[in-house]
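Worksheet: the structure to be examined is printed underneath.
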Amino acid sequence: MAVMMTVAVWGQDVKIKNLERLKLMTSEELIHKGERCRMKKNMPDSALLYLTIVANRQLSRMDEKDTIEVMSHIAALHGLGILYSGAYFDYKKAYGYYLQAESMAKKYNRTLLLPSIHHNMLGLKKLDFSVNRRDEIIPELINDYKQLVREAVGYHAMMYYPIYVANMASFAMNSEMVDSVKPELEKYLKMKLPESKLFPQEVYRLICLAILAYSNKEYEKAFMYLDQQKEVILQNSNDSNFHAWLTGNNYTRCEFLWGMGRDEEGLALVQENLRLGQQADNHVTICDAYNNLMDYYHEHGDEPLANHYELLYLREKNYIENQNHLLDVDKVKYLFEIDKMNEDAKVQAEREQVKTYALWMVCFFTFFIIVSLVLLYRNYREVKEKNAQLFQKVQEQLAEIEEKKALLLQAPQPLPQVEKPKYQKNAIDETTKSELLHRIFFVMESSADIYDTDFSLQRLAELVEGNPNYVSQVINEKYKQNFNALLNEYRIREACRRINDREHYGNQTLDSIAEGVGIRARSTFVTAFKKFTGMTPSAYQKLAKTKVASTQTPA
């Protein structure tokens, strides 16, 4: 069977300048206008524009919930595939639109549309097979047709089921593989399907009956079914498929006749198709007829006639190709504008995607910042409460220490006399340790010398009249810390007292207070202060200010 080609007859179209007005129409309205124009052979430009507008629309979340909007979008992509295949001969772009339509149908679970999309994709695959004469993929195509038929049943897309079965049967007959599709044919012929409003199903049922009968060598039945099909076709002469049905009936009848050796009758049918093509000015049918005649005479060794029809075939084919090229020149600006519109829509979609991404990022970072601020605030509250508790604890400790210190200063006890030679000759005993501890305690509690920046262990030993090593030993054993730690504790305690005393020390900085208690290095002061109080000097000072302010507030 010859390769079937379609030639678009250019005619009425719409202008790109009306684009903004058309964009205001709903997707459903545009699809309706586009499909109506697509069915008219002289209005492919209009259909292309209408469908492209819908295909370029971005589906929002609300649109995704709208069945009509989703279906319109899929229909637009599918229709563009058909247009680019049948009117513009751009099969690569056509297949791309089919793939997009398939992807959307799967994404939004519109499986009812998948068989129709797959049928057109299979048509492009079959066209490739026919043009390149790749007989090795015939079994693969047969399996594809079987899968399409099963898919129509599985997805309940029974409206076009007869067409799929009929196309499968015709391809199997041309490929001499009818036996491989008999189960599908027999199943279909046993089914009772509701009548379609779009086409007479009897056209497809009768062709299937004819092919099945012919494969069973029931030739009379086969021709009877073809006769009945032809009657149904003639009764629907106004149908847009009329010409394809009638020439298809003749080609099938021709295949039967040639298979039975009735060559002259088969040739007569090819000549009839040639006349039908000439009457309808359908160059595709004419080209098909010349191709069939060329193949027939080549097979039968009549090279002069074969060459004659080959010349006519090539001339007709060149006419079609040249016609198309000339029309492409006329339409190049229009198609360029359509491509530009597609590119603009793509750029706009990318911008929207970037905006959406940016919006999500802003939302994410805003959420992150809010959560961080909440956590920081909670942490701040916890730290504030903890500092308040620590501050109160320090105040209690300072009050307790001040009480003890007052008692000590009110009734001072004479310092025990310690024999100096004992420090030098013998190890210090417990009695001596106790006496030395008392001296150390008295000096640390009452002497202002400890706040001198140069105060040292040696100076403490001088004040307690003891050996520096023994003084260090007593401090380590009794206070459970070394001299420097003990000294810093007393100094920090005094620093806390001065920070609390807003009347006398309110104008001093923390650095000044630190130096006033004998600590020059700020880092040393902060470390020692946190160790003693559990908080930083600044946090303590803030709480102290708050306490003073609250005590001064009138009731």
Side-chain angles (χ1 to χ4, degrees), residues 371-409 437 440-453 455-457 460 471-472 474-553:
V371 171
S372 299
L373 289 175
V374 170
L375 293 176
L376 286 173
Y377 178 72
R378 288 179 60 185
N379 184 60
Y380 165 75
R381 289 290 301 272
E382 291 174 359
V383 170
K384 185 177 179 181
E385 291 175 3
K386 182 179 178 182
N387 286 345
Q389 294 172 0
L390 291 172
F391 181 83
Q392 183 61 32
K393 184 177 180 182
V394 170
Q395 304 314 303
E396 293 172 358
Q397 290 176 349
L398 290 175
E400 184 179 348
I401 291 169
E402 288 297 324
E403 289 178 4
K404 291 180 179 179
K405 183 176 179 180
L407 291 173
L408 178 65
L409 295 176
L437 175 63
I440 293 170
F441 177 77
F442 188 84
V443 170
M444 297 301 292
E445 291 290 344
S446 60
S447 176
D449 288 356
I450 66 173
Y451 307 127
D452 188 83
T453 54
F455 189 78
S456 63
L457 179 63
L460 177 62
V471 171
S472 177
V474 169
I475 291 174
N476 285 324
E477 289 182 5
K478 300 303 181 180
Y479 285 98
K480 306 300 181 182
Q481 56 187 333
N482 61 30
F483 167 74
N484 287 330
L486 178 65
L487 179 62
N488 281 336
E489 182 178 321
Y490 273 90
R491 286 174 169 178
I492 296 302
R493 186 190 303 165
E494 176 62 18
C496 289
R497 188 188 67 78
R498 294 185 184 186
I499 292 173
N500 289 341
D501 188 356
R502 302 293 299 168
E503 181 180 354
H504 298 96
Y505 297 95
N507 294 328
Q508 289 193 10
T509 64
L510 289 174
D511 288 338
S512 178
I513 289 175
E515 190 169 356
V517 296
I519 302 176
R520 286 198 182 97
R522 184 176 180 83
S523 60
T524 303
F525 179 64
V526 172
T527 301
F529 200 98
K530 287 182 69 176
K531 183 177 180 181
F532 179 71
T533 66
M535 70 183 83
T536 64
S538 57
Y540 185 91
Q541 186 183 50
K542 186 176 181 181
L543 288 169
K545 288 180 180 179
T546 305
K547 180 183 177 183
V548 171
S550 63
T551 56
Q552 291 178 351
T553 303

Between [X] and [Y], what is the shortest heavy-atom contact and its length?
X      : Y      : answer
Val517 : Ala495 : CG1-N, 3.9 Å
Phe483 : Ser456 : CZ-C, 3.4 Å
Tyr479 : Ile440 : CE1-CG2, 4.3 Å

Pairwise distance [atom1]([X]) to [atom2]([Y]) - rounded to 0.5 angstrom:
X      : Y      : atom1 : atom2 : result
Gln541 : Thr509 : CD    : OG1   : 8.5 Å
Asn488 : Gln481 : CG    : CD    : 9.0 Å
Tyr505 : Leu510 : OH    : CG    : 14.0 Å
Ile519 : Asp511 : CD1   : CG    : 11.5 Å

Below 4.5 Å, heavy atoms only, C-beta onward: do [X] and [Y] meet side chain to side chain?
X      : Y      : result
Lys531 : Thr527 : no
Ile492 : Phe525 : yes
Met535 : Leu543 : yes
Ile499 : Phe529 : yes
Leu460 : Leu487 : no

Salt-bridge criterion met for Arg491 and Glu494 (N-O under 4.0 Å): no

Does Arg497 count as lying over the ring of Tyr451, i.e. NZ or CZ under 6.0 Å from the six-ring centre, within 45 degrees of the axis? no

State whether Tyr490 and Arg493 meet the cation-pi test: NZ (Lys) or CZ (Arg) under 6.0 Å from the six-membered ring centroid, and within 45° of the perpendicular axis. yes

Report, as yes or no, whether the 6.0 Å neighbourhood of atom CG on Asn379 holds more than 12 heavy atoms from other residues, nucleotides or ligands. yes

Within the side chain of Asn476, is there an N or O that forms a donor-acceptor pair under 3.5 Å with the backbone of Ser472? yes

